[in-house]
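Shown next, in structure tokens, is the structure this report addresses.
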Amino acid sequence: MAYWLIKSEPDTWSWDEQVKSGTKGTSWTGVRNHAAKLNLMRMKKGDRCFFYHSNEGKEIVGIAEVIKEHYLDPSDKTGKFVAVDVKAKDPLKTPVTLAQVKTEAKLKNMALIKLSRLSVQPVTDAEWMTVCKLGGVKA
DNA sequence: GCCAACGTTGGC
DNA sequence: GCCAACGTTGGC
């Protein structure tokens, strides 16, 4: 299983809304960046994603699961970009903030810091374990 | 195909 | 609200 991190501005789509959408989940649309698109296309059903709030909060708040692999993003008129479906899985007991990620030696190479503008990022196994530990959930 | 101009993202 | 990083666009 692979691990990812997906970003959303809580004003647009928050973790709470993701939770409310329940087990049927929601489509993760609106990605308009080719690097992010490639990551979406690599996602497999059952993969886990950290759900990160950008701008407001700036913290990893929960874990989502991929429930449908990539398909054409219906919100993209050019037909170039793709979406996946995700559902909320577990909230973190303690959100892991960007500040924590920056100070934690094991996390300082995370794409979240290195590629701060990329909205869909890969997460390594080691990074996943570390964030889960900080967040008070089991990996 | 290069590169300057411009727009967007996201942290501060 | 500012600005750095970076992707995209368009003129040449």
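In what follows, chains are A, B, ... by sequence order, proteins preceding strands, each numbered from 1. These numbers come from the heavy atoms of this one structure, side chains and all, not from hydrogens, waters or symmetry mates. Quick caveat, the model's predicted, so the values are computed rather than measured.
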Separation of [X] atom [atom1] from [N] atom [atom2], in whole Å?
X        : N      : atom1 : atom2 : result
A:Asn55  : B:dC12 : CG    : P     : 11 Å
A:Met110 : B:dG10 : CE    : C1'   : 16 Å
A:Tyr52  : B:dT9  : OH    : C1'   : 12 Å
A:Asp11  : B:dG11 : CG    : C1'   : 15 Å
A:Lys37  : C:dG7  : NZ    : P     : 15 Å
A:Ile113 : C:dA4  : CD1   : C1'   : 16 Å
A:Arg117 : C:dC3  : CZ    : C1'   : 12 Å
A:His53  : B:dT9  : NE2   : P     : 17 Å

Lys/Arg N to Asp/Glu carboxylate O, A:Asp73 vs A:Arg32, below 4.0 Å: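 A salt bridge is present here (some side-chain N lies under 4.0 Å from a carboxylate O).
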
Search all heavy atoms of A:Leu134 against all heavy atoms of A:Thr94 and return the closest pair with its distance.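 Closest pair (atom of A:Leu134, atom of A:Thr94, distance): O-CB, 4.1 Å.
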
Looking only at heavy atoms, what is the nearest atom pair of A:Val123 and A:Met110, with distance?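 Residues A:Val123 and A:Met110, closest heavy atoms: CG2-CE, 4.3 Å.
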
Look at A:Lys114 and C:dC6 and indicate whether a side-chain polar atom (N or O) is within less than 4.0 Å of OP1 or OP2.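 So the side chain of A:Lys114 is outside the cut-off, no N or O lying under 4.0 Å from OP1 or OP2 of C:dC6.
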
A:Lys7 side chain near B:dG10 phosphate (N/O to OP1/OP2, under 4.0 Å):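 Yes, such a contact exists.
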
Within the 6.0 Å centroid threshold, strictly below: A:Phe51 and A:Trp28: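 Yes - the distance between ring centres of A:Phe51 and A:Trp28 falls below the 6.0 Å cut-off.
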
A:Asn33 side-chain proximity, nearest of B:dC12, C:dG7, C:dA5: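 Closest nucleotide to the A:Asn33 side chain: C:dG7.
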
Could you check whether A:Leu98 gets within reach of a base, just the sugar-phosphate, or nothing at all, counting any heavy atom under 4.0 Å?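 Counting heavy atoms under 4.0 Å across all strands, the contact made by A:Leu98 is with sugar-phosphate only.
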
